Amino acid sequence: MNKNIDILKTIIAVLLLCIFPSGKINGKGIEKNPNTPTQNKLSAERPANTLRVLYWNIQNGMWSDQGNHYDNFVAWVKSYSPDVCIWCEAQTIYQTGTADPCKAEDRYLVKNWGELAARYGHSYWTISGHRDNYPQVITSKYPIEKIVEIVGAEPDSIISHGAGQYQIEFCGEKINFVSLHTWPHAYAYRAKDRAASKAEKGGDKYRRMEITYICSHTINASPHTDREYWFMCGDFNARSPKDNEVYKFETGDSRFFVHDYILQQTPYLDIIKERYPDLFISSTGGKSRIDFVYCTRPLLEKVIQAEILRDDYTGNIVRDPQKLSNFYHPSDHRPILVDFDMGKKK
């Protein structure tokens, strides 16, 4: 009898794999297996008037590929042919294959982003405001107007990794881009007693201050967001309440502070969750979605596809096998790509 039950279980498992070959069943839908490539590979070809935006935290200035003259990175970017790229951690910091700091004069990035971007077809680039080694860089096929560099204010409103607002015109429309990278630690920036700050949720509170400051100096400073195009992206180092079916945190958990503010106090909408409301899709090698792309309603209505990319290059995040650093290949984050049909009328 037990043998027959085992055989039946095996048959059911095989049938389920046939029906759901790329993921696992959850309460509301299917979650794609994070270790497999994106099923529907996005082509470089797309309809006219499509604006393709690519965001990625490339970990220490694409540390993984700097020893290869960025050849793999450039080939990967070219395979998608984005119109606009926003890169977090866009500065060379460490020597190839190690965690040894680079001397300032030996850092290829950020000063050579123009040269690197030209290799994948972008003629324009600019850098965010920043105070440390972790700026964001935006590159584009089209001219970029930098609206504001954001570094915060001493002593209580310092934006740890900086932020920025930029404008690009496409199909006769001006699109506002905001890049950011919030404080990554459980304790607050400049905390004197890190253990006490961590116990008091100092890191979560600090990130809430940062996002409040960034939004108040960008989207919330505009009186016409209901009809403007705004796009905000970055490494938020915070969880969203929209993913709490996975996290199962208490209501009001401090880890939601950043995204509670965005969802309640700004007109931004979470593009990935709007596209995949019943799925949890991690943006890291683990079970964390901490990278987000947001936009306003007028721009959301123009989204034709949006993906956290898991392709042959980005699908398998692995720790550096040499164990000379705590870094990953190709990065400890996954990229996000969004296509907008800017030919659609408002």
Side-chain angles (χ1 to χ4, degrees), residues 34-35 37 54-80 82 85-120 122 125-139 160-164 179-185 233-237 282-286 288-292 308-337:
N35 296 317
L54 176 64
Y55 156 79
W56 195 11
N57 180 328
I58 55 174
Q59 187 197 234
N60 304 324
M62 189 39 66
W63 173 89
S64 174
D65 205 37
Q66 68 186 32
N68 189 46
H69 194 50
Y70 305 96
D71 288 349
N72 294 322
F73 173 68
V74 168
W76 176 82
V77 178
K78 288 175 70 174
S79 74
Y80 288 104
C85 294
I86 300 102
W87 310 114
C88 265
E89 298 195 19
Q91 180 162 235
T92 305
I93 305 175
Y94 301 104
Q95 296 177 32
T96 297
T98 76
D100 299 329
C102 272
K103 295 179 180 179
E105 61 269 24
D106 294 334
R107 294 180 174 185
Y108 179 73
L109 302 175
V110 296
K111 62 184 176 182
N112 290 306
W113 261 107
E115 179 180 89
L116 182 58
R119 292 173 60 189
Y120 57 76
H122 285 196
W125 76 281
T126 192
I127 187 170
S128 69
H130 65 106
R131 294 173 177 267
D132 58 10
N133 291 326
Y134 298 97
Q136 306 99 58
V137 159
I138 180 169
T139 73
S160 57
H161 296 332
S179 69
L180 59 85
H181 183 182
T182 65
W183 177 245
H185 299 296
C233 65
D235 177 357
F236 290 73
N237 282 310
S282 174
S283 70
T284 67
S288 297
R289 188 167 73 108
I290 57 175
D291 300 87
F292 292 79
I308 296 178
L309 296 176
R310 293 179 175 85
D311 54 27
D312 293 338
Y313 186 53
T314 66
N316 187 28
I317 294 176
V318 294
R319 187 171 178 177
D320 181 37
Q322 297 183 64
K323 298 182 179 178
L324 299 176
S325 72
N326 193 33
F327 308 140
Y328 290 77
H329 298 284
S331 171
D332 53 345
H333 295 254
R334 288 195 169 91
I336 307 175
L337 187 147

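A quick note: this is a predicted structure, and the numbers were derived from the prediction, not measured. Sequence positions, counted from 1, serve as the residue numbers for this chain.
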In the structure I gave you, are the side-chain heavy atoms of [X] and [Y] within less than 4.5 Å of one another anywhere?
X      : Y      : result
Trp125 : Ile138 : no
His333 : Gln59  : no
Ser128 : His181 : no
Ser179 : His161 : no
Arg310 : Ile317 : no
Ile93  : Trp63  : no
Leu54  : Leu309 : yes

Given the rule in the side-chain contact (heavy atoms from CB on, under 4.5 Å) test, do Ile127 and Gln136 qualify, once you have shown the distances and angles that lead to the verdict?
CA-CA 6 Å; Ile127 187 170; Gln136 306 99 58; over 6 Å; no
Show your reasoning for whether side-chain contact (heavy atoms from CB on, under 4.5 Å) applies to Arg119 and His69.
CA-CA 11 Å; Arg119 292 173 60 189; His69 194 50; 3.5 Å; yes
Apply side-chain contact (heavy atoms from CB on, under 4.5 Å) to Asp320 and Ser325, showing your working.
CA-CA 7 Å; Asp320 181 37; Ser325 72; 3.6 Å; yes
Atom pair [atom1] ([X]) and [atom2] ([Y]), whose distance is rounded to the nearest 0.5 Å:
X      : Y      : atom1 : atom2 : answer
Trp113 : His122 : CH2   : NE2   : 10.5 Å
Arg289 : Arg334 : CZ    : CZ    : 14.0 Å
Asn57  : Asp332 : CG    : CG    : 6.0 Å
Phe236 : Ser283 : CZ    : OG    : 10.5 Å
Gln66  : Asn60  : CD    : CG    : 8.5 Å
Asn68  : Met62  : CG    : CE    : 11.5 Å

Are Thr139 and Trp87 close enough, and set up right, to give a side-chain contact (heavy atoms from CB on, under 4.5 Å), and what steps lead you there?
CA-CA 8 Å; Thr139 73; Trp87 310 114; 4.0 Å; yes
A quick test of your reading: do over 12 heavy atoms of other residues, nucleotides or ligands sit less than 6.0 Å from NZ of Lys111?
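Enclosed: over 12 neighbouring heavy atoms sit under 6.0 Å from NZ of Lys111.
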Closest non-hydrogen atom pair between [X] and [Y], with its separation:
X      : Y      : value
Cys88  : Leu180 : SG-O, 3.4 Å
Tyr55  : Cys233 : CD1-SG, 3.8 Å
Val77  : Pro82  : O-CD, 3.3 Å
Gly61  : Leu109 : O-CD1, 3.8 Å
Thr92  : Cys102 : CG2-SG, 4.0 Å
Pro135 : His130 : CB-CG, 3.6 Å

Would Tyr134 and Trp183 count as a ring-ring contact (aromatic ring centres under 6.0 Å, His included) here? Give the steps.
CA-CA 11 Å; Tyr134 298 97; Trp183 177 245; 9.9 Å; no
Side chain to side chain donor-acceptor pair (under 3.5 Å) between Tyr313 and Asn72, worked out
CA-CA 8 Å; Tyr313 186 53; Asn72 294 322; 5.4 Å; no
Ring centres of Trp56 and Trp76 under 6.0 Å apart?
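Ring centres of Trp76 and Trp56 closer than 6.0 Å.
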Could you walk me through whether Asn326 and Arg319 satisfy the side chain to side chain donor-acceptor pair (under 3.5 Å) test, starting with their C-alpha distance in whole Å, then the side-chain angles of each, then the deciding distance to 0.1 Å, before giving a yes or no?
CA-CA 7 Å; Asn326 193 33; Arg319 187 171 178 177; 3.0 Å; yes
Evaluate the ring planes of Phe327 and Tyr94, with Trp represented by its six-membered ring, and classify them as parallel (under 30°), tilted (30 to 60°) or perpendicular (over 60°).
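Geometry flag for Tyr94 against Phe327: tilted rings.
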Show the numbers, then the answer: is there a ring-ring contact (aromatic ring centres under 6.0 Å, His included) between Tyr108 and Tyr70?
CA-CA 11 Å; Tyr108 179 73; Tyr70 305 96; 5.5 Å; yes
Reference residue Pro184; test side-chain contact (heavy atoms from CB on, under 4.5 Å); the match among Ile290, Asn237, Asp235:
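Among the candidates, only Asn237 passes.
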